[in-house]
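The block underneath contains the structure these notes are about, expressed in C-alpha cells.
Residue numbers start from 1 in every chain, and the chains themselves are labelled A, B, ... in the order their sequence lines are given, proteins ahead of strands.
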Amino acid sequence: MRKIALASVAVVGVLAAAGCSAGGDGGGGDDGAEIRVWLVGTDTPDAARDLLVEQFEDAHPGSTVVIEEQSWDGLVDRLTTALSGSDSPDIVEIGNTQTPAFTSAGAFLDLTDHYEDLGGDDLLPGFVEIGSYEDAFYAAPLYSGARVVYYDTAAYEAAGLAVPTTLDEYVSNADALAAANPGDSGLWWPGQDWYNGLPFVWEHGGEIAVPDGDEWDAQLSSDESVAGLEQVQAVMQGASLAPVDANETNAQVGYCDGTTLQVSAPNWLRGSILAPADAETPGCPDAEATLGVYAMPGMDGGAASVFAGGSNIAISARTEHPELALDALEIILGEDFQTIYGENGLVPARVSLASTLGDDPSAQASTEAAANARLTPASPRWADVEAAGIMQDLFVSIAQGGDVRALAEQADEDIEAILNG
Amino acid sequence: MVQTQVPTAASPAVTAIAPPPGRRAGSRDRRRAGALPYALLAPATIVVLAIIGWPLVQLVILSFQEFGRAQAFGQPAEWVGLDNYVGVLTDPVFWEVLGRTVGFAAVCVVVTMVLGTLIALLMQRLPTPFRILVSVGLLLAWSMPALTATIVWGWIVDTEYGVLNQLLRDGLGLAQFDRHSWLIEPMSFMGVAVVIIVWGAIPFVAFTVFAGLTQVPDEQLEAAALDGAGPVQRFTAIVLPQVAPILVIATILQIIWDLRVFTQIFALQDIGGIRGETSTLGVYIYQTAIAGGEFGEGGALAIITMAAISVASIALVRRMLRADS
C-alpha cells in the first residue's frame with residue numbers, strides 16, 4: 001500500500017504541475033488589446049518610451065503598449081523563435097544588417113500600402129532599401145548611429161598633431177601618438193571590431209560582396225580590398241595595444257584609465273566616457289575638457305564611408321492587432337518620438353529631422369559621418385555570415401599578423417558558401 | 001539506499017518486490033495491484049512523452065527536411081531524405097569539430113574524475129570542521145551558473161586587466177605575460193575551457209564519490225590493514241570495487257555533459273579567441289541551426305551527436321556490467 005500511496009502522490013504532483021502550466025495561458029484580449037513592443041538595448045531613451053505609451057493609450061483608451069527590452073546578444077535566434085511562435089511580439093526592433101534575414105522569410109507584415117503614412121521618402125533611404133524585399137516594404141528605419149573618432153586633445157597637442165583630413169593622415173596620426181606615448185594605444189582597436197575595418201576596404205575601392213546574377217561574389221580578396229586590409233593590419237599592429245582577440249565593448253575603460261588616446265566608435269561612446277564615476281558602468285566625467293571628436297576622414301578628404309549601425313522596426317506577420325500595431329508604429333516614426341532620438345545623439349529615421357542633432361562638434365561629426373554611411377551586403381543570408389563570426393575571425397587573424405591575402409581568400413570562400421548556400 | 005548493510009547482495013530489491021508466497025488469493029491480489037500502478041503511472045508517462053518524446057520526434061522529422069527560416073515562418077518544408085546527413089558527414093569542418101569535441105571531452109572527463117575522487121578521499125579524512133568548509137566551497141562552485149562562471153573566469157584571464165597576467169607579471173616577474181592573450185591560441189583556449197568546466201564539474205563528482213565511500217565498511221579496511229595491505233592496495237582491492245558502480249555512473253554523466261558542452265565555449269568565444277578554431281559540437285549545432293537558420297542540417301547534426309553520445313555511454317555500461325559479473 002505504501003507504494004500505491006507514493007505513486008498517487010507523484011500523479012497528483014504531475015497533475016498539479018500540468019494544471020499550473022495550463023493556467024498560465026490565456027488572459028489578455030478581452031478588455032482592450034495589448035501591443036507588445038520589443039526594443040533592443042538601451043539606445044532608445046526613457047523619454048521616448050514614455051511618449052509612445054502615453055500617445056498610444058490616449059488615442060486608444062483601454063488598449064495598452066508594453067515595451068519589452070531585449071539584448072543585442074543572440075537577437076537573431078530569439079526573433080526567429082519568437083516571431084514564428086504563437087506568442088509573437090507585435091512590433092520588433094532589429095539590427096539593420098539582420099533585417100533581410102526576416103523580410104525574405106515572411107516574418108514581417110507587408111507595409112507597402114502604408115509607406116506614405118509612415119513617412120514616405122522622408123525615411124532614411126539606405127534603411128528603407130535594406131527593409132524592403134522583392135519590391136515590398138516590410139521594415140522601416142528606427143534610428144541610425146554614426147561612427148566617429150574620439151581623441152584626447154591634450155595628447156594631440158603634446159604630440160603636435162592636427163585633426164586628420166585624409167585616411168593616410170588618420171593612420172599616421174595614430175602611429176605618431178603611439179610612438180610618442182609608449183604603453184598607450186594611439187588608436188585602440190581590438191581584433192574582433194570588424195566594423196571599423198570596413199571604411200578601409202571601401203575607401204580603397206574594395207567591397208565585401210557584390211551581386212553577380214543570382215549569386216554573390218565576395219570581394220575581400222580583390223586587390224583594392226587587400227590594400228585596405230593591409231593598412232588595417234599595419235594600424236592594428238603599429239598603433240594599437242588592444243588585445244588582438246577582444247571585442248569592442250567597453251572602450252571607455254581604456255580611455256578613462258588613459259591607455260587609449262584615440263578610438264573609433266559609435267557616437268554613444270561619448271555618453272559612456274562621460275558617465276559619472278559611480279555609475280553602474282563608470283566613466284570619467286573629468287575627461288570632457290579634453291575629449292575631442294571628428295568624423296573619420298576618407299581617402300581624398302571629406303568623411304570616409306563608414307559602417308552605418310542602426311536599427312529597423314517592423315510589425316510581426318503574426319500580430320493579432322495589425323491596425324493597432326500600425327498606429328503604434330506611426331507614433332514611433334512620428335516627429336515627437338524621432339526628435340528625442342536626435343536630441344540624444346542618434347540620427348533620426350526621418351531625414352528632415354537631422355537638425356535635431358544640434359550643432360556641437362559631436363553632432364556635426366555624427367551628421368557628417370551619417371551622410372556617407374554604408375551598409376553590409378543586402379542578402380537575406382548576411383545575418384548568417386555575422387552569426388558564424390566570419391568577419392570577427394578574419395579581423396582577429398589580421399590583427400594577429402597573418403597573411404592578409406590568404407586570410408581574405410579564405411573569408412571570401414566562407415562568405416560565398418553562406419550567401420550562395 | 002536502505003540496504004546499505006549488504007553491499008555485496010546481488011538482488012535485495014528483487015526479493016523485496018517478489019510477491020509473498022500463497023496461491024489463489026495471492027495471484028488475484030497481484031493482478032488487481034498490477035493494473036492500478038500502470039493506470040496511476042499513465043498520466044506521468046504521457047506528460048514525459050509529450051515533453052521529451054514529442055520534441056525528439058520533431059527533431060528526427062526536421063533532420064530529413066529542408067528547413068530554413070522561411071519554413072519556420074510557415075512555408076511548406078520539403079522532404080530531402082538523407083541530404084542533411086550526407087551534407088554533414090561529407091563536410092570536413094564537421095569531422096574537425098567532432099575530433100576536437102571528443103578530445104576535449106576526454107580530457108575534461110579524466111581530469112574531473114581524478115580530481116573529484118581525490119577530493120572525496122580527502123574529505124573522508126578531514127576533521128569535521130574542515131570537511132564542512134570544503135563542502136561549502138564545493139557547493140558554492142556548484143551553484144554558480146555556467147554563464148556567470150565563464151564571465152568571471154574570462155575576467156581572470158583578461159589580456160589587459162586580468163588578475164592572472166598581473167600575478168605572473170608583477171608577482172613572479174615574468175615579463176612575457178604582459179598582455180598575454182590566453183584565448184587566441186586554440187590549445188590555450190581549450191585549456192582555459194577545461195579549467196572552467198572541470199572547476200564546475202568537480203563538486204558533483206566529489207559529493208557523489210564521497211557518498212559512495214561512506215558505504216565501504218570500516219571493518220573490511222581494518223582487517224585488510226591488519227593483514228598488511230598498504231593504503232594503495234586497500235584502495236584498489238577494497239574501496240574501488242565497491243564504489244565502481246558510482247564511478248561508472250558519474251563518468252557516463254560527465255561524458256554526456258562534456259560532449260554536448262555549450263555555454264562555456266560559446267561565452268568564451270565572445271570574450272576572445274577565434275571561433276572557427278575552437279567550436280565544439282554544441283556550439284557548432286547552434287551556429288548551424290539557430291544562428292545560421294539551417295534547422296534541417298542542425299537537426300541532422302543533433303541526431304548524429306546524440307548517436308555518438310549513446311554509443312560512448314552504452315559501450316561503457318556494457319563493459320562495466322561484464323566486469324562486474
Side-chain angles (χ1 to χ4, degrees), chain A residues 1 3-4 6-8 10-15 17-18 73-74 76-81 83-85 101-102 104-108 190-192 241-247 249 253-254 257 259 317-318 380-381 383-390 392-394 396-397 399-400 410 414 418 421, chain B residues 16-17 33 36-48 50-51 68-75 87 91 93 154 158-162 178-185 189 266-267 269-279 283-284 286-295 297:
Chain A
M1 277 317 283
K3 255 198 222 152
I4 293 177
L6 277 177
S8 48
V11 170
V12 170
V14 166
L15 290 180
D73 282 338
V76 170
D77 25 302
R78 222 163 326 117
L79 282 174
T80 306
T81 36
L83 292 175
S84 61
F102 293 90
S104 62
F108 296 147
Q192 286 195 36
L241 290 175
V244 295
D245 59 342
N247 61 32
T249 52
V253 175
D257 72 15
T259 55
R318 299 218 175 188
R381 288 171 170 272
D384 303 346
V385 174
E386 287 191 15
I390 290 172
Q392 284 94 330
D393 281 2
L394 170 66
V396 167
S397 303
Q400 222 183 341
Q410 181 61 46
D414 294 343
I418 292 183
Chain B
I17 291 167
L36 186 60
Y38 291 117
L40 289 170
L41 274 174
T45 313
I46 291 169
V47 169
V48 168
I51 293 174
R69 258 192 212 102
Q71 281 73 28
F73 290 110
Q75 283 179 28
D91 184 358
V93 176
D158 187 87
T159 309
E160 281 180 294
Y161 301 101
D178 183 40
R179 291 176 188 276
H180 175 74
S181 172
W182 288 93
L183 301 177
I184 190 128
E185 295 299 332
F189 180 102
F266 185 74
Q269 285 180 335
D270 191 47
I271 296 169
I274 297 175
R275 284 175 179 77
E277 294 174 2
T278 53
S279 288
V283 178
Y284 187 58
Y286 169 86
Q287 281 169 354
T288 308
I290 313 289
E294 300 285 347
F295 300 103
E297 203 172 305

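- With a 4.5 Å cut-off on non-hydrogen atoms, Asp178(B) does not touch chain A at all.
- At distances below 3.5 Å, not a single donor-acceptor pair connects side-chain atoms of Asp393(A) with backbone N or O atoms of Ile274(B).
- The CZ atom of Arg69(B) sits 8.5 Å away from the CG atom of Asp77(A) when rounded to the nearest 0.5 Å.
- The minimum heavy-atom distance linking Asp270(B) with Gln192(A) is given by the pair O-NE2, 3.3 Å.
- Checking side-chain atoms of Arg179(B) against main-chain N and O of Leu241(A) turns up a donor-acceptor pair under 3.5 Å.
- Contacts of Ile271(B) with chain A are made by backbone atoms alone, with heavy-atom separations under 4.5 Å and no side-chain atom involved.
- Ranked by heavy-atom pairs under 4.5 Å with chain A, the list Gly68(B), Gly272(B), Ala289(B) is led by Gly272(B).
- Shown here for Thr80(A) and Phe73(B), the closest heavy-atom pair between the two residues is O-CZ, 4.0 Å.
- Residue contact with chain B, scored on non-hydrogen atoms closer than 4.5 Å, involves the side chain of Gln400(A) exclusively.
- Only the side chain of Phe295(B) comes within contact range of chain A, with at least one heavy atom under 4.5 Å from a heavy atom of that chain.
- For Asp257(A), the part lying under 4.5 angstrom from a heavy atom of chain B is the side chain only.
- The candidate with the highest count of non-hydrogen atom pairs below 4.5 Å against chain B, out of Ala246(A), Ser397(A), Ala107(A), is Ala107(A).
- Taking both residues in full, the closest heavy atoms of Asp245(A) and Ser181(B) are given as OD2-OG, 3.1 Å, listed atom of the first, atom of the second, then distance.
- To the nearest 0.5 Å, the span separating CD on Glu294(B) from CZ on Arg381(A) amounts to 5.0 Å.
- Between Ser84(A) and Ala72(B), the shortest heavy-atom distance links the atoms CB-O, 3.2 Å.
- Looking at Glu185(B), only its side chain comes within 4.5 Å of chain A, counting heavy atoms on both sides.
- In this structure, chain B has heavy atoms under 4.5 Å from both the backbone and the side chain of Val253(A).
- At a 4.5 Å heavy-atom cutoff, the contact between Leu83(A) and chain B is made by backbone and side-chain atoms alike.
- Partners of Val93(B) under the side chain to side chain contact (heavy atoms under 4.5 Å, CB included) rule, at least two apart in sequence or in another chain, are Asp91(B), Val97(B), Tyr284(B).
- Neither the backbone nor the side chain of Thr249(A) comes within less than 4.5 Å of any heavy atom in chain B.
- Proximity to chain B (any heavy atom under 4.5 Å) is shown, for Ala317(A), by neither the backbone nor the side chain.
- Proximity of a side-chain donor or acceptor of Asp384(A) to a complementary backbone N or O of Gly293(B) within less than 3.5 Å is not detected.
- Contact count against chain B (heavy-atom pairs under 4.5 Å) is highest for Asn247(A) among Thr81(A), Asn247(A), Val385(A).
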